[in-house]
There are 2 protein chains.
Amino acid sequence: MAAVGMKIGALAGRSGLPVKTLRYYEDLGLLPAVGRSEGGYRLFAEESLRRLGFIRRLKTLGLSLEEIQNCLAVHDAGELPCDDIAIQLGRQIERIDGQISELIQLRTELQQLLAGWQSDPVRSSTVICPNLQV
Amino acid sequence: MAAVGMKIGALAGRSGLPVKTLRYYEDLGLLPAVGRSEGGYRLFAEESLRRLGFIRRLKTLGLSLEEIQNCLAVHDAGELPCDDIAIQLGRQIERIDGQISELIQLRTELQQLLAGWQSDPVRSSTVICPNLQV
DNA sequence: TTAAACTCTCCTTGTAGGTGGAGAGTCAAG
DNA sequence: CTTGACTCTCCACCTACAAGGAGAGTTTAA
């Protein structure tokens with residue numbers, strides 16, 4: 001039975017996140033360990049990988065770790081959280097709808113820009129090329 | 001002719017952003033002023049409001065100010081940036097598509113959660129109610 | 001023409017989200 | 001049973017994105 005859990009280095013390797021960050025998340029309560037080994041090593045479940053994916057997803061959407069906490073609290077509860085959380089969750093969904101709208105608008109803007117100059121490839125390069133490593 | 005531009009306080013009032021933040025953005029080059037008054041006061045165009053909207057939109061999508069800079073550089077150029085920027089922009093659009101997908105997925109997850117407990121309003125409150133002020 | 005409100009620059013501070021390193025304990029392979 | 005890799009805690013430091021405040025100059029309305 002390999003059900004005991006993996007150590008932090010293994011989780012780091014599989015998730016792509018640095019060990020430091022995982023410890024940081026665990027300290028914040030974002031990423032609970034299933035327990036500790038005899039020697040005091042954190043042990044994580046497979047589930048942690050899925051959880052990190054969820055966190056990553058929410059992070060790229062611009063949520064703070066604290067907001068992600070709240071989402072995860074709901075997620076972990078599975079059901080019957082208090083009213084505050086329900087309201088909270090409703091707002092989060094509205095926020096998501098707003099973001100989707102904005103993303104679509106932004107996508108249109110960027111694509112128009114892209115289309116705009118592709119139809120006119122004059123004086124093609126070296127005109128504008130500032131710092132970029134997005 | 002009121003075409004001279006508004007002072008920073010007016011822009012703050014109309015955009016809802018603090019004066020400090022506007023100065024910060026201007027210092028970074030994110031929000032160019034049309035110029036300075038005789039007394040050295042920054043003067044902003046109406047356009048700045050639209051620009052701040054664009055910035056806000058990108059910010060809520062989790063882009064850093066530096067990334068926003070790059071988008072604005074493209075935006076300002078209007079056309080013919082160098083190849084790097086074109087590639088950059090293409091990636092940004094892909095990223096947006098990815099984000100839209102993730103948002104939709106997330107929305108579904110949250111809504112299922114919401115629906116789940118609303119159909120079973122047992123032991124309604126005080127069970128879970130951690131720190132929340134999102 | 002002067003007081004209040006606004007703005008300037010420059011410098012410090014604060015918060016979020018990590019990152020680095022010291023010093024010590026634990027584990028696995030040889 | 002020792003050596004090297006891994007992990008622990010604790011504390012300092014870092015970057016991004018501002019917010020606070022001092023001290024001085026500018027504008028405007030009474």
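Residue numbering restarts at 1 for every chain, and letters A, B, ... go by the order of the sequence lines.
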K.L.:
Would one find a side-chain N or O of A:Y25 under 4.0 angstrom from OP1 or OP2 of C:dG18?
P.N.:
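For C:dG18, OP1/OP2 do have a side-chain N/O of A:Y25 under 4.0 Å.
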K.L.:
Does B:R42 put a side-chain nitrogen or oxygen below 4.0 Å from OP1 or OP2 of C:dT7?
P.N.:
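For C:dT7, neither OP1 nor OP2 has a side-chain N or O of B:R42 closer than 4.0 Å.
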K.L.:
Between D:dT27, D:dA18, C:dG17, which nucleotide gets closest to the side-chain atoms of B:K7?
P.N.:
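Nearest to the side-chain atoms of B:K7, counting from C-beta on, is D:dT27.
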K.L.:
Given atom CG of B:L28 and atom C1' of D:dA18, what is their separation to the nearest angstrom?
P.N.:
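The answer, rounded to whole Å, is 10 Å.
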K.L.:
What's the CG-P distance between B:L52 and D:dC17, to the nearest Å?
P.N.:
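Between P of D:dC17 and CG of B:L52: 15 Å.
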K.L.:
Record whether the side chain of B:Y41 comes under 3.5 Å of the base of C:dC6 through a donor-acceptor pair of N or O atoms.
P.N.:
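Per atom types, the contact qualifies.
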K.L.:
Got A:L58 and A:E67 here, is their nearest side-chain heavy-atom distance under 4.5 Å?
P.N.:
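No; the side chains remain at least 4.5 Å from each other.
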K.L.:
Could you tell me how far apart A:L30 (CG) and C:dG17 (P) are, to the nearest whole angstrom?
P.N.:
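Rounding to the nearest Å, CG of A:L30 and P of C:dG17 are 9 Å apart.
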K.L.:
Tell me whether B:Y41 shares a hydrophobic cluster with B:L49, the cluster being built from Ile, Leu, Val, Met, Phe, Trp, Tyr side chains joined at under 4.5 Å.
P.N.:
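Per the 4.5 Å side-chain linkage, B:Y41 and B:L49 are not co-clustered.
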K.L.:
In whole Å, I'd like the distance from the CG atom of A:L31 to the P atom of C:dG18.
P.N.:
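Nearest whole value for this atom pair: 12 Å.
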K.L.:
For the pair made of CD in B:E67 and P in D:dA16, what is the distance, rounded to whole Å?
P.N.:
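Between P of D:dA16 and CD of B:E67: 12 Å.
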K.L.:
B:L65 has a side chain; which of D:dA18, D:dT27, C:dC8 sits nearest to it?
P.N.:
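The closest nucleotide is D:dA18.
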K.L.:
When the distance from CE of B:M6 to P of C:dT7 is rounded to whole Å, what number comes out?
P.N.:
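In whole Å, C:dT7 P and B:M6 CE are 12 Å from each other.
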K.L.:
OP1 or OP2 of D:dA19 versus the side-chain N and O atoms of B:T21: is any pair under 4.0 Å?
P.N.:
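Answer yes for this pair, as a side-chain N or O of B:T21 is under 4.0 Å from OP1 or OP2.
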K.L.:
Do A:Y24 and A:L65 have side chains that approach each other closer than 4.5 Å (heavy atoms only, starting at C-beta)?
P.N.:
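Answer yes - side chains close enough.
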K.L.:
If I take atom CD1 in residue A:I55 and atom C1' in nucleotide C:dG17, what distance separates them, rounded to the nearest angstrom?
P.N.:
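So the two atoms are 13 Å apart, to the nearest Å.
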K.L.:
Does A:K20 get its side chain close enough to the base of C:dG17, under 3.5 Å, for a donor-acceptor pair?
P.N.:
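No, no donor-acceptor pair under 3.5 Å.
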K.L.:
To the side chain of A:S64, which of D:dA18, D:dT27, C:dG17 is closest?
P.N.:
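Nearest to the side-chain atoms of A:S64, counting from C-beta on, is C:dG17.
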K.L.:
On the nucleotide D:dT7, are OP1 or OP2 found under 4.0 Å from the side-chain N or O atoms that A:S37 carries?
P.N.:
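For A:S37, the contact criterion (side-chain N or O under 4.0 Å from OP1 or OP2 of D:dT7) is not met.
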K.L.:
Among C:dC27, C:dG17, D:dC8, which nucleotide has an atom closest to any side-chain atom of A:R36?
P.N.:
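Side chain of A:R36 sits closest to D:dC8.
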K.L.:
Could you state the CG-P distance from A:D27 to C:dT19, rounded to the nearest angstrom?
P.N.:
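Result: 14 Å.
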K.L.:
In this structure, would B:L22 and B:I55 fall into the same cluster of hydrophobic residues linked by side-chain contacts under 4.5 Å?
P.N.:
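In one cluster with B:L22: B:I55, yes.
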K.L.:
Can you find a pair of side-chain heavy atoms, one from B:R51 and one from B:D76, that are under 4.5 Å apart?
P.N.:
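A side-chain contact under 4.5 Å exists here.
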K.L.:
If you pin B:K59 and A:G9 to their nearest nucleotides in DNA chain D, which one's is more 5'?
P.N.:
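It is A:G9 whose nearest nucleotide is closer to the 5' end.
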K.L.:
Which listed nucleotide (D:dT27, C:dG18, D:dT9) is nearest to the side chain of A:R23?
P.N.:
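Among the listed nucleotides, the one closest to the side chain of A:R23 is D:dT9.
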